[in-house]
Amino acid sequence: MTIPYKNLMSKALCLLILLTIVSGCRRVEDEAGTLEVITTKTGIEMAKIPEGWFGMGSSNSSPDESPVHKVWISSFWMDRYEVVQEQFKKFQISDPSHFKDPNNPLEQINWTDATLFCNERSLAEGLEPCYDEETWECNFQANGYRLPTEAEWEYACRAGTSTNFSFGNDVRNLKDHAWFAENASEKTHLIGKKKPNTWGLYDMHGNVSEWCNDFYSEVYYQNSDQKNPKGPTKGKERVLRGGAWNSSADSCRSSYRSSDPSIDDTCLASDAIGFRCVRKASNNKSPEENMVTKGQTQKTSKTALVYDDIYLEHKTTEGHPESSQRLVAITESLKASGLYSQLFKLSPKPVPSEWLTKVHSPEYIRRVKKSCENNAGYLDSMDVPISTQSYEAALAAAGGVLSAIDAVVEKKVTNAFCAVRPPGHHALKDKAMGFCIFNNVAVGARYIQKKHNLSDILIVDWDVHHGNGTQAMFYEDPSVLYFSTHQYPFYPGTGSEAEKGVGKGLNYNINVPLPIGSGDADYVKVFKEKLEPAALAFSPDFVLISAGFDAHKDDLLGGMKITAEGFAQLTQIVKDISEKCCEGRLVSVLEGGYGLEGLAASVEAHIQVLTR
């Protein structure tokens, strides 16, 4: 690789020194010619595709490739390589690939998950996401990442040519540029091992076929826009471009079109389908702003949201306040406000037994599983209704907290909110109670200590009910400072000020019982005068919040008067503690909250503060 320059020797020397420090925008000379290339903040190389006209389609192939029509494409940035499995997993999205290898192209990916990756990658770089995750419409004016349009893809693949392939018409040369049926041995291969086209793009003719943004229509070319066409406005399938490891040579041509349903079910996705991302060049940050300096630590400034539909499968009795509608109200509110698209999405995995047994007895865990499998209706008492999938939901609730903790410790995100159910802070070592099955926060605390070697944990519990289960689990433990404000006297009957811990845990359990009717000012005073000095003296390595919002003034069960703004103030105080003591490491876990409007508004206010 050489760096062309025409300056005086001293200036050239300065330039070379700078280039040893900075990996960002550069011009590259290789087999592809002179290219403008950037390395993004997430470490992915992109080539700048110049603006220009080209003839889209083919007049002597499949009917859906005709007529050949003149198209103008504005300049844009395109990934030089297909997205690989290692890149995909950086954003805590499960790798669906069949042919596992970190540097192989991601495959067996549906269109929707490909767009989710585009959004997550945009957020990771402080860019505006392109996709509305409710309607899946693409905002082409946003400066974030998206899938290429079909026209952009063909234009980039052709790289200024009008032949069948970017290297000409001789199909015998395809083996030098692509992995396809004749040379792939029925599998994908490491990216970048074949020759690039003249614009520096690899594997365009074959490895995996690539998703485009457009809906597919066989007759679209007859009515295509001339400038930057974006495809039909609706359709049943999305466009695929480029050959794959199982493709014929004819299917690897630059103009070849195919399609596939944009299904959400990964199990039905093809292991011959992957993707690469593009980003508009106009109004982008300058390359200097976008570059990453070697040795520079990238600042994390994201809030994660843990959620999965499995939480809706924990079915309680008809009219029960702890229902799946709680999470529906939360997610709908976040989407309506626009906050949802700004959050880093984390999917939970079932909590492994080695971590669940840190706080619950094996016998109790087996009893939970059996009771749910047998559809017993209730677990231990009438205040814990269960259904056949409640066990799976409870495992995912605790597992979701662990996913959030990992993301925070690994600095993929700054903090996280876990929209999980069933809740957990009443659950004891060997007994369910108060709508709770497994103690999600307690499992998280032990996981932080044992997995990540962070010893001192602060748990702040502002649920209207005292967290008797959490208190019991750490009552003799000086490594966990448990702080609870709650309505008193009230369910479950514990939580008096006199309950301060025992043995080595004495004074590491702080209860501040409050009378019915307490509001924002009362809670803020307690947090300022009681929590803040105790927490700063303790100096935690990690902060967990048992975030119950049933102290809201409109809650169905509580009798307190906190507003959504009051919860925002409490959040800010706890967040400030985490920033002063432990680099902002904070995970908030949903507990109670049963008035749907108040719950949704309070969670939104809570997350707004976390994202600042």
Side-chain angles (χ1 to χ4, degrees), residues 25 27 32-38 46-80 118 127-128 130-131 137-168 196-201 204-205 210-235 238-242 253-259 275-287:
C25 183
R27 293 196 177 273
T34 301
L35 316 168
E36 186 173 355
V37 174
I38 57 172
M46 303 189 82
K48 190 171 187 179
I49 309 303
E51 64 185 20
W53 292 97
F54 81 110
M56 185 173 182
S58 173
S59 59
N60 55 7
S61 298
S62 175
D64 69 344
E65 296 176 37
S66 64
V68 176
H69 52 295
K70 192 176 182 181
V71 170
W72 168 267
I73 297 295
S74 299
S75 179
F76 62 98
W77 294 96
M78 188 176 218
D79 289 349
R80 297 189 71 193
C118 293
L127 304 175
E128 181 183 2
C130 291
Y131 291 99
E137 292 181 0
C138 181
N139 175 11
F140 286 87
Q141 300 307 310
N143 65 354
Y145 296 100
R146 57 176 172 82
L147 299 176
T149 65
E150 184 178 17
E152 287 171 335
W153 194 98
E154 183 173 328
Y155 178 65
C157 179
R158 288 187 175 280
T161 67
S162 58
T163 48
N164 285 337
F165 305 95
S166 63
F167 52 85
N197 69 10
T198 55
W199 286 350
L201 305 175
M204 296 291 282
H205 290 296
E210 299 176 18
W211 284 116
C212 290
N213 187 75
D214 312 38
F215 284 110
Y216 174 80
S217 169
E218 186 176 4
V219 298
Y220 177 67
Y221 283 10
Q222 299 173 17
N223 303 297
S224 170
D225 292 336
Q226 189 175 50
K227 292 189 176 182
N228 297 312
K230 298 178 176 63
T233 57
K234 59 183 178 179
R238 297 281 181 170
V239 171
L240 286 169
R241 282 305 198 108
R253 292 179 296 105
S254 300
S255 61
Y256 183 80
R257 306 177 73 207
S258 61
S259 64
F275 69 102
R276 72 181 77 209
C277 300
V278 300
R279 176 185 167 198
K280 70 176 186 176
S282 58
N283 298 320
N284 277 356
K285 293 181 180 178
S286 68

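Counting heavy atoms from C-beta outward, Phe140 and Asn213 have side chains that approach closer than 4.5 Å. Put simply, the side chain of Tyr155 does not reach to within 4.5 Å of the side chain of Val71, judged on heavy atoms. Residues Tyr256 and His205 form no side-chain contact, since every pair of their non-hydrogen atoms from C-beta on lies 4.5 Å or further apart. Using a 4.5 Å heavy-atom cutoff, the side chains of Phe215 and Arg238 are in contact. Side chains of Trp153 and Val278 form no contact here, defined as non-hydrogen atoms less than 4.5 Å apart. Met78 places a side-chain heavy atom less than 4.5 Å from the side chain of Pro148. Counting heavy atoms from C-beta on, the side chains of Lys280 and Ser74 never come closer than 4.5 Å.
Between the side chain of Asp225 and the main chain of Lys227, no donor-acceptor pair closer than 3.5 Å is present. Within the 3.5 Å criterion, the main-chain N or O of Cys157 finds a donor-acceptor partner in the side chain of Asn197. Although no hydrogens or angles enter the test, the distance criterion places no donor-acceptor pair under 3.5 Å between the side chain of Asn143 and the main chain of Leu127.
Partners of Glu210 by salt bridge (Lys or Arg N to Asp or Glu O under 4.0 Å), not counting sequence neighbours, listed by chain and number: Arg276. Residues that satisfy the side chain to side chain donor-acceptor pair (under 3.5 Å) test with Thr161, not counting sequence neighbours, are absent from this structure. The side chain to side chain donor-acceptor pair (under 3.5 Å) test applied to Ser224 returns no partner, not counting sequence neighbours. Residues meeting the salt bridge (Lys or Arg N to Asp or Glu O under 4.0 Å) test with Arg146, sequence neighbours left out: Glu152.
With rounding to the nearest 0.5 Å, the separation of CZ in Phe76 from CG in Asn228 is 9.5 Å. Interatomic distance, CZ of Arg158 versus CG of Leu201, reported as 14.5 Å (0.5 Å rounding). From Ser258, atom OG reaches atom CG of Leu240 across 4.5 Å, with rounding to the nearest 0.5 Å.
Between Glu154 and Ser254, the closest heavy-atom pair is CG-O, 3.5 Å. Pairing each heavy atom of Arg241 with each of Cys212, the nearest pair is CG-SG, 3.7 Å. Between Gly231 and Tyr220 the shortest heavy-atom distance is N-OH, 3.2 Å.
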Let me check something: any side-chain donor-acceptor pairs from residues 59-68 under 3.5 Å, sequence neighbours excluded? List them with distances.
| from | atom 1 | to | atom 2 | distance (Å) |
| --- | --- | --- | --- | --- |
| Asn60 | OD1 | Ser58 | OG | 2.8 |
| Ser61 | OG | Ser58 | OG | 3.3 |
| Ser61 | OG | Arg253 | NH1 | 3.2 |
| Ser62 | OG | Asp64 | OD1 | 2.9 |
| Asp64 | OD2 | Tyr216 | OH | 2.7 |
| Glu65 | OE1 | Arg253 | NH1 | 3.0 |
| Glu65 | OE1 | Ser255 | OG | 2.7 |
| Glu65 | OE2 | Arg253 | NH2 | 2.8 |
| Ser66 | OG | Pro63 | O | 3.0 |

Compile the donor-acceptor pairs under 3.5 Å between side chains in residues 46-57 and protein atoms, sequence neighbours left out, one pair per line.
none

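The number of heavy-atom neighbours closer than 6.0 Å to CD of Gln226, taken from other residues, nucleotides and ligands shown, is above 12.
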